[in-house]
Amino acid sequence: MAHPRSRRMRALAVPLGLALTASLGFLPNAATAASQDSAPAAAVTTDGPLLSYVVNTTPGHATVGKVEKAIAKAGGKVITAHEQIGVIVVHSANPQFAATLRTVPGVQSAGATRTAPLKASGTTDVGKPQKIDLPKSQLKAASSAAKANGEEPLEPLQWDLPAIKADQAAKVNPGSKNVTVAIIDTGVDDTHPDLKANFSAKQSANCVGGVADTTKGAWRPWDPDHDYHGTHVAGTIAAARNGVGVAGVAPGVKISAIKVSEPKTAMFYAESVVCAFVFAADHGVEVTNNSYYVDPWMFNCKDDADQAAIVDAVGRAASYAQRKGAINIAAAGNSNLDLAAPKLPDASSPNDSTPVERTINPKTCWDVPTQLPGTVTVAATGVNKLRSSYSNYGLGQIDVAAPGGDSNQVPELPAKNGNILSTMPGGDWAYLAGTSMATPHVAGVAALLKSAHPKSSPQEIQWLLKEQADNPGCPTGDTTCTGTKHVNSHFGYGIVDALDAVKK
């Protein structure tokens, strides 16, 4: 059985590759609150598995307070309440907890966020990281040539930067220290020499379990050997131009880490992601990077009460971040699926217990957070400006595209590796691939746009991303690509352009 990481994170397990997902969609209608005036009966059973739930109510202290009393009577323990968006995180061993809460006045939806019992305290990867395997003499020559050209030592191996003109953009405007990109992921090693100068500890936290822990270092990976995904994403966004290692798309902006992956399993549950969006919003973050889908369902269907509650809760949190000024960027996924198809297979859900093969309707079942309203959905491309072989696509589903790597598209020397080179925990660097790697390129360009247009709203930044994107058009003879030269299923509005982002 595949490791849980390869099913969840938007990174590909390739000889130096990792990746994540996204697509545009709409929130399901909130369940109508029942008309009963009475609270649930006090006699409840608590002999079921201990699960985590989200209970979604009308926002505000008064309603949330009343619902919290009903939660206690139904055998639930409130872990945290986000009153500003009406989302309450609860633990309960009452098998009827969600059904009971759905009858409570003020409750709009309620459901379990997992199918497996809570354990003491995910992403979509493709393959394992690949360390740089050039001969030392060739690597030294490349590094010397880079230094002579005013580049970072490993920049000649980063074909992805010139692919979106990020190398040229850095000479015009590397990005503002007043702009922060929050990396909602597996944590970030802020001690890495390429990352520490741009890291914002005051905007970082560990949100696993639904409550933000801002203790120093709480945002770092649980296990650096396995939880490297967030650190790799961080380097692509904002590795500093400091004479060390690689360069990021926006080397002058700040990055923060909001850890949401559980230890050992690397699962990304709804309560953690809700906490991350709210924390980012309340701490002045301008961009969020989301290279994952919320476990345990690859697609959440609104005709299932539990899955509908997950979409409702995460949707409220993502919308709250947008209202507070953050643009949310998310990966389209690595399953080579047409997200605009009338039906799709899903054989991996739920991924925290026993997956059940099912066929879903993309119009009513969504990948969260990538298909939430207002989220920028990102597809992956290779060095030849073709869709990466693993990348999800779909007319009207993809907003923009960016380099995510593809082992089938190989650059010229000195790189000779079609994946994306970036930072790894412990001061290292490696190649990874996936829509997880494409997404931080777009987040970096969004940060450059915000630097150049500090008063622009998230919607305006999204418009600029699309307007400035360069669309290569559908490849000749590729029947999976539909649409026009300007907007199509492979690239959306096109591949993002960092140089255009910094031009006034």
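Keep in mind that the numbers below use all heavy atoms, side chains included, and drop hydrogens, waters and symmetry copies.
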Taking the side chain as C-beta and beyond, is there a heavy-atom pair between [X] and [Y] under 4.5 Å?
X: Ile71; Y: Phe97; value: yes
X: Met424; Y: Pro129; value: yes
X: Asn351; Y: Met298; value: no
X: Tyr292; Y: Ile184; value: yes
X: Val400; Y: Lys466; value: yes
X: Glu271; Y: Ile79; value: no
X: Val285; Y: Ser256; value: yes
X: Asn392; Y: Gln397; value: no

Give the ring-plane orientation class for Phe199 versus Trp219, where under 30° counts as parallel, over 60° as perpendicular and anything between as tilted.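 Ring orientation, 0 to 90° scale: tilted.
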Sidechain-backbone polar pair: [X] side chain, [Y] backbone, donor-acceptor under 3.5 Å:
X: Thr45; Y: Asp47; answer: no
X: Asp346; Y: Arg358; answer: no
X: Glu286; Y: Thr180; answer: yes
X: Ser457; Y: Glu460; answer: yes
X: Ser388; Y: Thr381; answer: yes
X: Asn198; Y: Ala238; answer: yes
X: Arg102; Y: Ala110; answer: yes
X: Ser109; Y: Ala309; answer: no
X: Thr103; Y: Thr100; answer: yes
X: Ser451; Y: Gly175; answer: no

side-chain contact (heavy atoms from CB on, under 4.5 Å) evaluation trace for His490 with Ile398: CA-CA 7 Å; His490 280 197; Ile398 301 301; over 6 Å; no
For [X] and [Y], test the side chains for any donor-to-acceptor distance below 3.5 angstrom and give the result as yes or no.
X: His441; Y: Thr236; answer: no
X: Asn328; Y: Thr375; answer: no
X: Arg323; Y: Gln84; answer: no
X: Ser353; Y: Thr115; answer: yes
X: Asn94; Y: Ser92; answer: no

Could you grab the distance from atom [atom1] of [X] to atom [atom2] of [Y], nearest 0.5 Å is fine?
X: Leu337; Y: Thr480; atom1: CG; atom2: OG1; answer: 12.0 Å
X: Thr359; Y: Phe299; atom1: OG1; atom2: CZ; answer: 11.5 Å
X: Trp366; Y: Ile360; atom1: CH2; atom2: CD1; answer: 10.5 Å
X: Leu50; Y: Leu118; atom1: CG; atom2: CG; answer: 4.5 Å
X: Ser391; Y: Asn336; atom1: OG; atom2: CG; answer: 8.0 Å
X: Glu68; Y: Thr57; atom1: CD; atom2: OG1; answer: 9.0 Å

Testing the basics here: between [X] and [Y], what is the closest heavy-atom pair and its distance to 0.1 Å?
X: Cys207; Y: Phe279; answer: SG-CB, 4.4 Å
X: Val314; Y: Pro369; answer: CG1-CB, 4.3 Å
X: Ala438; Y: Ala379; answer: CB-O, 3.7 Å
X: Ala112; Y: Leu51; answer: CB-CD1, 4.2 Å
X: Ala250; Y: Leu448; answer: CB-CD2, 3.7 Å
X: Ala212; Y: Cys275; answer: N-SG, 3.6 Å

Check the surroundings of atom [atom1] in [X]: do more than 12 heavy atoms from other residues, nucleotides or ligands lie under 6.0 Å from it?
X: Tyr320; atom1: OH; answer: yes
X: Gln96; atom1: CD; answer: no
X: Lys177; atom1: NZ; answer: yes

Could you walk me through whether Thr191 and Arg220 pass side-chain contact (heavy atoms from CB on, under 4.5 Å), step by step? CA-CA 9 Å; Thr191 68; Arg220 292 173 188 153; 4.0 Å; yes
For a side-chain hydrogen bond (donor to acceptor under 3.5 Å, both in side chains) check, start with the C-alpha distance between Thr439 and Asn289, then their side-chain angles and the critical distance, and finish with the verdict. CA-CA 7 Å; Thr439 304; Asn289 187 97; 5.3 Å; no
Side chain to side chain contact (heavy atoms under 4.5 Å, CB included), paired with Val211, selected from Thr80, Val89, Asn206: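 It is Thr80; the other options fail the test.
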Passing option when Pro362 is tested against Leu339, Leu344, Asp367 for side chain to side chain contact (heavy atoms under 4.5 Å, CB included):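 Running side chain to side chain contact (heavy atoms under 4.5 Å, CB included) over Leu339, Leu344, Asp367 with Pro362 returns exactly one hit, Leu344.
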Carboxylate-amine/guanidinium proximity below 4.0 Å for Asp190 and Lys254: no
Going through the distances and angles, do Leu464 and Lys450 end up as a side-chain contact (heavy atoms from CB on, under 4.5 Å)? CA-CA 10 Å; Leu464 287 169; Lys450 189 66 176 178; over 6 Å; no
For His82, which residues count as a ring pair (Phe, Tyr, Trp, His ring centres under 6.0 Å) partner, sequence neighbours excluded?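 Partners of His82 by the ring pair (Phe, Tyr, Trp, His ring centres under 6.0 Å) criterion come out as none, since no residue qualifies.
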Those residues that, when tested against Ser200, pass side-chain hydrogen bond (donor to acceptor under 3.5 Å, both in side chains) (two or more places apart): Gln203
Going by the disulfide (SG to SG under 2.5 Å) test, which pairs reach into residues 321-369, not counting sequence neighbours?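 Output for this query lists Cys301-Cys365.
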Checking Trp222 against Val208 for the side-chain contact (heavy atoms from CB on, under 4.5 Å) test, could you report, in this order, the C-alpha distance in whole Å, the side-chain angles of both residues, the deciding distance, and whether it holds? CA-CA 11 Å; Trp222 298 110; Val208 176; 4.1 Å; yes
